[in-house]
A.B. asks: 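Here's a structure for you.
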Amino acid sequence: MGKSRAHLKSEDGRCAVREVPTPLRARTAPNVLEEVMRRKGVDEAWDALEQMHAEGKTTDKYTVSRMLMKTVGDGQAHLDPTRAYRGISLVEKFIELQPEDVDEVLFNALLDTCCRLKDLKRLESCVSWMRRLKVKPSPITLGILVKTYGQAGDLDKVLAAWDEMEEQRGLANSVTYGCMLDACVKCGNLQKAVEVFKGMRDTGKHKNTILYTTMIKGYGLHKDLENALKLFREMPEQQVPYNTITYNSILEACVKCGDTSSAEEILDQMARTEYEIEPDLISYSTVLKGYCQNGELLKALCVFEEMKERKLRCDELVYNTLMEGCVKSDDWKAGCGLFGEMVSRGLRPSAITASILSRLFQRVGHEDADDKVASLFSLFQLERPQPAERGPRARNARGGKGPPPSPGAVAGMPGAARPTVRGPRKIRLVWVNHNDLTRPHPK
DNA sequence: GTAGGGTTAG
């Protein structure tokens with residue numbers, strides 16, 4: 001067993017095993033992994049580590065933690081669970097073989113990987129292993145724990161970890177606090193978030209943009225616009241700078257509370273008075289959504305025009321939001337016009353688009369609303385998309401994330417290969433002008 | 001070699 005193997009720790013922190021006769025070979029082992037990772041990629045490096053484990057060769061915690069981080073990416077890239085679990089297993093193997101060589105940083109990397117995989121069981125087994133090996137958790141460990149429990153919606157465990165790890169809490173920095181506030185907000189416990197935030201503010205610690213923004217989001221979710229705005233206005237007084245996310249969060253709070261005029265004012269402030277911040281697609285879409293929800297379709301269309309003037313790439317979501325606004329305002333002509341424009345711009349309507357259109361036709365009294373939708377799709381030579389999946393993968397139907405279903409898959413559906421084209425002429429789309437389809441038809 | 005906030009709709 002690896003545990004019985006004696007280890008030699010060299011000055012540079014790398015390890016050699018007694019069985020390896022040439023110190024040179026032993027010392028180059030970690031570099032071999034780095035080299036493989038650099039030249040052939042991290043998967044090959046895991047292969048090499050597996051091979052080294054089989055041969056009883058050792059490596060160091062720095063290399064394996066770098067390998068793990070590289071495997072799970074920076075959070076932007078898509079996480080591949082198979083590769084991540086393989087990384088976890090091989091790091092665990094490393095810990096089994098070289099338990100004297102592990103530290104808190106390596107465990108944190110492991111815990112963070114479990115967090116990204118949303119695997120609470122694995123996380124908890126790593127925590128107890130950490131305890132058994134007497135590796136002391138740091139405030140970073142505390143942050144990862146509350147973050148993981150927070151994203152799982154397990155408020156009791158968030159609070160338990162925060163309460164129990166008193167020493168780490170005392171050493172908490174702004175990132176730890178950020179994890180905690182976000183966890184409370186995600187679990188819907190604004191009260192605790194406020195308590196932690198106030199405690200932090202009273203001691204004068206850690207005032208920053210992220211912490212304020214998290215609290216604004218929390219108030220927004222609780223439809224407490226008054227307090228959200230209060231914090232928003234407090235930021236400049238406290239010399240805490242805004243960023244795009246802060247603005248988008250307060251805009252979302254205004255819209256959630258139905259206060260479109262505050263949203264408009266803030267968007268205006270963002271566009272005119274901030275030098276380094278430009279409203280982005282999300283800022284405009286949020287305000288646009290607010291108008292649509294309030295039945296202020298014309299104002300929404302004005303925002304839409306402004307977005308185009310600013311050369312923002314309006315996506316399927318923007319069009320769906322606007323068409324939803326047409327349903328609310330009983331304007332089926334504008335809805336169809338938007339559909340035409342969406343298609344002519346190369347955007348791919350989804351099942352959600354189809355269901356919005358169906359409601360649009362129902363609203364104006366068409367009993368054969370679904371047939372009308374089918375006609376509209378076939379008019380633009382489009383297959384009508386399959387209804388959105390239910391369950392956890394349903395978000396793939398949201399257009400933005402995940403690959404679109406292949407046309408073959410749609411065509412392969414029984415009965416879907418040739419969608420019925422029934423009475424397309426019943427809908428007179430004479431006013432569909434591909435150059436300007438955004439305004440409701442005058443007549 | 002480790003940790004925090006925003007992605008719009010049915």
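In what follows, every heavy atom counts, from backbone to side chain, and hydrogens, waters and symmetry copies are set aside.
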A.B. asks: Please, which pairs that meet ring pair (Phe, Tyr, Trp, His ring centres under 6.0 Å) have at least one residue in residues 236-262 of chain A, sequence neighbours excluded?
C.D. replies: A:F232-A:Y242, A:F232-A:Y247, A:Y242-A:Y247
A.B. asks: Using the side-chain hydrogen bond (donor to acceptor under 3.5 Å, both in side chains) criterion, which residues pair with A:D330? Sequence neighbours excluded.
C.D. replies: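 Once residues adjacent in sequence are excluded, the partners of A:D330 under the side-chain hydrogen bond (donor to acceptor under 3.5 Å, both in side chains) criterion are A:R363.
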A.B. asks: Taking only residues two or more places apart in sequence or in another chain, which ones pass side-chain contact (heavy atoms from CB on, under 4.5 Å) with A:A152?
C.D. replies: A:L120
A.B. asks: In whole angstroms, how far is the P atom of B:dA3 from the CD1 atom of A:I140?
C.D. replies: 8 Å
A.B. asks: Under 4.0 Å from any atom of DNA chain B, heavy atoms only: list the residues of residues 176-196 of chain A that qualify, in numerical order.
C.D. replies: A:T176, A:G178, A:C179, A:D182
A.B. asks: Given the structure, check if the side chain of A:N243 and the base of B:dG5 hold any donor-acceptor pair shorter than 3.5 Å.
C.D. replies: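 Yes, the side chain and the base share a sub-3.5 Å donor-acceptor pair.
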A.B. asks: Which residues pass the side-chain hydrogen bond (donor to acceptor under 3.5 Å, both in side chains) test with A:S262, not counting sequence neighbours?
C.D. replies: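 Partners of A:S262 under the side-chain hydrogen bond (donor to acceptor under 3.5 Å, both in side chains) test: A:D259.
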A.B. asks: Would you list the pairs meeting salt bridge (Lys or Arg N to Asp or Glu O under 4.0 Å) in which at least one residue belongs to residues 140-159 of chain A, sequence neighbours left out?
C.D. replies: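 Residue pairs passing salt bridge (Lys or Arg N to Asp or Glu O under 4.0 Å), neighbours aside: A:D112-A:K147, A:E124-A:K157.
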A.B. asks: Counting any heavy atom closer than 4.0 Å, what does A:T246 reach on the DNA or RNA strands: base, sugar-phosphate only, or nothing?
C.D. replies: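 Base contact - A:T246 has a heavy atom under 4.0 Å of at least one base atom.
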A.B. asks: Near DNA chain B, under 4.0 Å by heavy atom, which residues of residues 207-218 of chain A?
C.D. replies: A:N208, A:T209, A:I210, A:L211, A:T213, A:T214, A:K217
A.B. asks: Check each residue of residues 107-115 of chain A for a non-hydrogen atom within less than 4.0 Å of any atom in DNA chain B, then write out the ones that pass by number, or none.
C.D. replies: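 Those residues whose heavy atoms fall under 4.0 Å from DNA chain B, taken from residues 107-115 of chain A in numerical order, are A:N108, A:D112.
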A.B. asks: What pairs with A:D119 under salt bridge (Lys or Arg N to Asp or Glu O under 4.0 Å), at least two apart in sequence or on another chain?
C.D. replies: none
A.B. asks: The criterion is salt bridge (Lys or Arg N to Asp or Glu O under 4.0 Å); which residues satisfy it with A:D224, sequence neighbours excluded?
C.D. replies: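 A:D224: no salt bridge (Lys or Arg N to Asp or Glu O under 4.0 Å) contacts found.
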A.B. asks: Can you tell me which residue pairs pass the side chain to side chain donor-acceptor pair (under 3.5 Å) test with a partner in residues 160-169 of chain A, sequence neighbours excluded?
C.D. replies: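 Checked against side chain to side chain donor-acceptor pair (under 3.5 Å) - neighbours excluded - the pairs reaching residues 160-169 of chain A are A:K136-A:E167.
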A.B. asks: Under 4.0 Å between any heavy atoms, over every strand shown, what does A:L106 touch: base, sugar-phosphate, or nothing? Just pick one.
C.D. replies: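 Base: the residue A:L106, judged by heavy atoms under 4.0 Å, touches a nucleobase.
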A.B. asks: Would you please name every residue forming a salt bridge (Lys or Arg N to Asp or Glu O under 4.0 Å) with A:D280, sequence neighbours left out?
C.D. replies: none
A.B. asks: Are any of the side-chain nitrogens in A:E324 or A:K328 under 4.0 Å away from the carboxylate oxygens of its partner?
C.D. replies: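 Not counted as a salt bridge, because no side-chain N and carboxylate O are separated by less than 4.0 Å.
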A.B. asks: For A:S174, answer base if it contacts any base atom (sugar-phosphate contacts may also be present), sugar-phosphate if it contacts only those atoms, and nothing otherwise; contact means non-hydrogen atoms under 4.0 Å.
C.D. replies: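 Contact class for A:S174: base.
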